[in-house]
There are 2 protein chains.
Amino acid sequence: MRRPTLHAVAARAGVSKSSVSRVINGEPTVAPEIRQIVLRAVNELGYVPNGAARNLVTQRTNTIAIIVSDPPAGLVSDDPMFAMVVRAASRELEAAGKQVSLVLAGSPESRLRVEQYVAAGHVDGAMLVSMDGADPLPAMLARTGIPVVSHGRLATDLMPWVDNDNVGGATKAVQHLLDRGRQRIATISGPLDMPAAQDRLAAYRDTLKDTGRRSIVALGDFTRISGADAMRQLLDDDPDLDAVFAANDLMAIGALRTLREAGRRVPDDVAVVGFDDIEAASYTAPPLTTVRSPMGDQATRTVQLLLSLFKDGSAEPVLLPTEVVVRESS
Amino acid sequence: MRRPTLHAVAARAGVSKSSVSRVINGEPTVAPEIRQIVLRAVNELGYVPNGAARNLVTQRTNTIAIIVSDPPAGLVSDDPMFAMVVRAASRELEAAGKQVSLVLAGSPESRLRVEQYVAAGHVDGAMLVSMDGADPLPAMLARTGIPVVSHGRLATDLMPWVDNDNVGGATKAVQHLLDRGRQRIATISGPLDMPAAQDRLAAYRDTLKDTGRRSIVALGDFTRISGADAMRQLLDDDPDLDAVFAANDLMAIGALRTLREAGRRVPDDVAVVGFDDIEAASYTAPPLTTVRSPMGDQATRTVQLLLSLFKDGSAEPVLLPTEVVVRESS
DNA sequence: CTGAAAGCGCTTACAG
DNA sequence: CTGAAAGCGCTTACAG
């Protein structure tokens with residue numbers, strides 16, 4: 001059995017399709033008795049308007065794409081931040097009556113698919129998540145002309161974004177370690193093609209330089225295992241280090257495991273500070289000192305930015321303040 | 001500037017719309033020279049077919065909904081399993097040329113929205129994630145007549161599903177603790193309206209009963225904090241317990257924290273076993289013994305099940321084998 | 001306030 | 001192999 005159409009409802013109610021359409025869309029210029037009759041017919045037939053037909057004629061889809069730049073290795077989507085972002089954004093979009101289309105753009109081919117998808121008019125706007133500096137996707141999407149925002153600062157000035165104050169947060173983290181009297185403070189950096197990693201590393205370097213200390217840097221990719229590996233390398237390079245600032249909590253968790261295996265006590269021998277304040281940070285042994293963005297949901301704000309873009313046609317980037325949450329690891 | 005239409009391409013190429021359509025859709029019955037001309041016009045104009053128009057006429061959308069039953073508290077989406085499921089499913093669907101529509105259905109209102117959304121023909125099929133036994137959504141969706149599968153066994157027989165062998169896995173976990181010589185084995189259960197939690201608890205009870213031991217049960221909701229709380233309660237109830245089987249890794253992580261705070265050594269005083277083998281299980285102190293489904297991606301299989309449903313019209317439930325991964329916590 | 005008509009941008013029998 | 005025509009199911013000026 002086919003689904004009933006507007007035509008069927010009109011026939012049953014004995015009115016024109018125009019009137020049915022008006023009732024369905026809640027237009028005020030409909031006589032109460034007609035509204036009644038139509039609503040009854042709608043209920044009796046279980047009518048639901050066809051989405052494709054509606055999209056075609058209104059030229060809108062009420063759908064927003066969440067486009068996540070997830071490398072083949074799945075670095076991004078294994079991060080608890082990914083789930084938080086997707087959830088918070090979904091909620092906010094649902095509250096605004098929008099549908100969510102999730103697109104994981106990993107390979108170059110899938111990037112092409114994304115472009116086609118957007119160009120086909122499937123979505124009214126898009127939110128980019130976790131784009132690295134070299135990614136061609138932001139430029140592609142900006143070219144399509146639909147409203148786009150980025151969750152996370154972009155290297156280029158293609159669209160408004162919402163980000164944590166990475167520089168401020170990392171500065172506070174390193175300052176905290178200095179305040180604790182730590183002398184040899186190392187860092188585990190994120191992948192340097194990502195602005196967040198760049199900012200956190202730069203802040204680390206600058207803060208140490210102000211005190212005349214030298215930087216001790218190992219490179220990770222924001223995963224636990226990379227943090228563990230980087231920590232091992234740092235201990236090799238400088239066995240006397242007494243503190244490490246990891247550019248995110250996952251790498252800090254990896255570093256904690258390496259320190260435990262190496263017999264270093266935390267925080268007695270080595271203090272550890274992370275970044276993000278994911279839920280797991282409260283459950284490490286010892287619980288992890290880290291940097292949190294207290295304004296809460298960057299993702300929620302990103303969605304709001306997108307919505308304001310629809311309303312006002314333009315929007316300014318947003319930088320959310322960050323703060324150190326001191327626990328027992330430092 | 002409007003986007004170019006099929007009509008514009010036809011005009012530029014000097015052929016009919018039919019021919020352009022055939023070229024776009026790769027139909028073989030097109031003369032090579034016409035194909036050339038059309039493709040050139042497509043490129044010159046940057047033509048991309050309008051998705052809504054296509055959906056309307058073909059009565060298909062090439063879109064699959066991933067519908068996640070996420071309670072207001074966000075229990076599900078904070079779970080690393082959520083991210084894994086979404087990622088694996090997205091990949092598999094993309095490989096099959098499908099778009100992904102992500103729907104988080106928490107409140108009763110949003111369930112209604114989901115029904116409308118599906119009834120509006122926005123998706124060709126759906127994959128349900130983490131439905132509890134009382135959820136009306138599966139029945140709703142089964143009624144719509146579109147192909148639907150469930151990631152996780154359903155209490156009712158409404159659609160095919162893919163699940164881990166929860167009973168087998170939990171049985172092996174408890175057996176493992178018995179083999180280690182543990183005498184008083186407690187469990188932290190998941191929420192009992194979820195089939196996975198029911199199965200794991202039942203298997204725990206049955207395995208212990210076979211040895212004449214009594215069950216020691218505390219209730220959690222699959223979150224870390226609930227595991228921590230439940231562990232505290234278990235220690236109150238039975239200070240002499242020497243092992244605990246948590247129904248998922250997150251609760252096991254919470255239990256580890258409580259044990260640490262209570263001064264119990266793991267595994268010397270209390271052995272701990274989890275379930276799922278999430279990445280974090282390798283990073284706890286000590287690393288967590290847990291149950292893994294080695295066939296890997298339940299989500300990938302669920303998508304494959306859905307695709308086979310499209311092809312064959314029917315499909316059988318799939319149960320994936322599980323195995324214990326022994327680490328240092330037991 | 002209501003209805004007939006046009007049109008959104010495609011695909012797909014049907015003739016030729 | 002190609003094109004003219006119908007039609008997918010809606011919304012929206014336009015008359016009345």
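Hydrogens, waters and symmetry mates are skipped; everything else that's a heavy atom, side chains included, is used. The sequence lines fix the lettering, A, B, ..., with proteins before strands; numbering per chain opens at 1.
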Original post:
Partners of B/Leu309 by side-chain contact (heavy atoms from CB on, under 4.5 Å), sequence neighbours excluded?
Top reply: B/Pro147, B/Val149, B/Pro160, B/Leu306, B/Ala315
**OP:** Using heavy atoms to find the nearest nucleotide of DNA chain D for B/Gln59 and B/Val30 separately, return the residue whose nucleotide is more 5′.
**Re:** B/Val30
Original post:
Can you name the side-chain hydrogen bond (donor to acceptor under 3.5 Å, both in side chains) partners of A/Asp124, sequence neighbours left out?
Top reply: A/Thr61
Subject >> Position toward the 5' end of DNA chain D (nearest nucleotide), B/Ala31 or B/Val57 >> reply: B/Ala31
**OP:** Could you tell me which residues satisfy ring-ring contact (aromatic ring centres under 6.0 Å, His included) with A/Tyr117, sequence neighbours excluded, listed by chain and number?
**Re:** A/His122
**OP:** Could you summarise the pairing of DNA chain C as dot-bracket text, marking Watson-Crick and G-U pairs under 3.5 Å with ( ) or [ ] inside the strand and | across strands?
**Re:** |||.||||||||.|||
**OP:** Taking side-chain hydrogen bond (donor to acceptor under 3.5 Å, both in side chains) as the test, write out the residues that go with A/Glu109, two or more places apart.
**Re:** A/Ser107
Original post:
When we call it a touch if two heavy atoms are under 4.0 Å apart, what does B/Asn55 touch: a base, just sugar-phosphate, or nothing?
Top reply: nothing
**OP:** Output all residues satisfying salt bridge (Lys or Arg N to Asp or Glu O under 4.0 Å) with A/Arg35, sequence neighbours left out; order by chain, then residue number.
**Re:** none
Original post:
In chain order, what residues pass the side-chain contact (heavy atoms from CB on, under 4.5 Å) check against B/Val57, with sequence neighbours excluded?
Top reply: none
Subject >> Covered region of DNA chain D, 5' end to 3' end, by chain A [heavy atoms, under 4.0 Å] >> reply: D/dG9 to D/dA13
Tabulate below the donor-acceptor pairs under 3.5 Å that side-chain atoms of residues 22-33 of chain A make, not counting sequence neighbours, or state none.
{"unit_1": "A/Asn25", "atom_1": "OD1", "unit_2": "A/Arg54", "atom_2": "NH2", "d": "3.0"}
{"unit_1": "A/Asn25", "atom_1": "ND2", "unit_2": "A/Ser21", "atom_2": "O", "d": "2.8"}
{"unit_1": "A/Asn25", "atom_1": "ND2", "unit_2": "A/Ser21", "atom_2": "OG", "d": "3.4"}

Original post:
Considering residues at least two apart in sequence or located in another chain, which fulfil the side-chain hydrogen bond (donor to acceptor under 3.5 Å, both in side chains) criterion with A/Glu44?
Top reply: A/Arg12
Subject >> DNA chain C contacts made by residues 4-22 of chain B, counting heavy atoms under 4.0 Å >> reply: B/Thr5, B/Leu6, B/Lys17, B/Ser18, B/Ser21, B/Arg22
Original post:
Going by distance alone, is a donor N or O of one side chain under 3.5 Å from an acceptor N or O of the other, for B/Thr300 and B/Arg91?
Top reply: no
**OP:** Only counting residues at least two apart or in another chain, list the ones meeting side-chain hydrogen bond (donor to acceptor under 3.5 Å, both in side chains) with B/Thr5.
**Re:** none
